[in-house]
Amino acid sequence: MDFTVGHTALLDLMFTAEHTDDPSAELHALGHESLPAVARLIGEGQRTGDVRPGDPARLAQVAFSAVHGLATLAVASLLDDTPLPEATEPALDVLPAGLRPGR
């Protein structure tokens with residue numbers, strides 16, 4: 001998370017360049033690799049019994065959105081006076097807890 005806040009231009013580039021009027025096919029493909037990678041990890045966790053059942057792609061969207069949303073709020077200085085580590089710690093506790101089986 002600290003990397004993201006320290007490199008805001010890179011965050012902007014990563015999540016806006018593919019939405020330009022004419023993104024290259026390669027840029028578009030690269031922009032869509034992160035969610036499938038997370039979905040594969042979630043699928044592996046499901047196979048080992050460490051992650052709750054469900055569509056791995058949907059669970060990946062939730063996980064990715066939580067982390068990306070927190071980074072976006074931090075970059076936009078919308079965490080009020082909460083230091084980034086204090087905002088990140090509960091997010092990284094709650095997210096895995098929600099992915100565990102039995103939830």
Side-chain angles (χ1 to χ4, degrees):
M1 204 66 71
D2 289 334
F3 177 85
T4 300
V5 174
H7 298 86
T8 58
L10 183 57
L11 182 69
D12 288 341
L13 177 64
M14 289 171 55
F15 293 101
T16 59
E18 73 173 281
H19 301 290
T20 61
D21 290 338
D22 190 27
S24 70
E26 181 182 18
L27 180 61
H28 185 75
L30 288 171
H32 288 275
E33 281 186 17
S34 55
L35 276 174
V38 175
R40 285 190 298 276
L41 289 171
I42 288 173
E44 179 59 31
Q46 288 173 325
R47 283 186 285 287
T48 63
D50 295 315
V51 175
R52 68 186 298 157
D55 181 350
R58 299 293 81 79
L59 294 174
Q61 285 176 335
V62 171
F64 191 88
S65 295
V67 174
H68 179 68
L70 185 56
T72 301
L73 290 172
V75 166
S77 299
L78 295 173
L79 294 176
D80 299 324
D81 292 330
T82 305
L84 183 58
E86 285 182 34
T88 304
E89 187 176 327
L92 297 179
D93 282 342
V94 169
L95 183 59
L99 289 171
R100 284 190 198 105
R103 297 266 170 197

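Along the sequence shown, the residues carry numbers beginning at 1.
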Problem set entry | Residue of the set L92, T88, V75, L95 for which side-chain contact (heavy atoms from CB on, under 4.5 Å) holds with L70 | T88
Exercise. In the single-linkage hydrophobic clustering (I, L, V, M, F, W, Y; side-chain heavy atoms under 4.5 Å), do L41 and L99 co-cluster?
Worked result: no
Exercise. Is there a donor-acceptor pair closer than 3.5 Å between any side-chain N or O of Q61 and the backbone N or O of L35?
Worked result: no
For this session: Find out if a path of hydrophobic residues (ILVMFWY) with successive side-chain heavy-atom gaps under 4.5 Å connects L73 to L84.
Result: yes
Problem set entry | Closest approach of A91 to P96 (non-hydrogen atoms, all atoms of both residues) | O-CD, 4.3 Å
Exercise. What closest approach, in Å, do R100 and R52 show between heavy atoms, and which atom pair accounts for it?
Worked result: O-CB, 3.5 Å
For this session: Kindly check if the number of other-residue, nucleotide or ligand heavy atoms within 6.0 Å of CD (E44) is above 12?
Result: yes
Problem set entry | Shortest non-hydrogen contact between A39 and A60, atoms and distance | N-CB, 3.6 Å
Exercise. Shortest non-hydrogen contact from P56 to Q46?
Worked result: CG-OE1, 3.2 Å
Problem set entry | Minimum-distance pair of heavy atoms, taken over all atoms of R47 and R40 | NH2-O, 4.2 Å
Exercise. Do L79 and E86 touch side chain to side chain, with heavy atoms closer than 4.5 Å?
Worked result: no
Seminar exercise, completed: Heavy-atom closest pair (P90 atom, A87 atom, distance to 0.1 Å) is CD-O, 3.5 Å
Exercise. To the nearest 0.5 Å, what is the distance between CD (E89) and CG (D93)?
Worked result: 5.5 Å
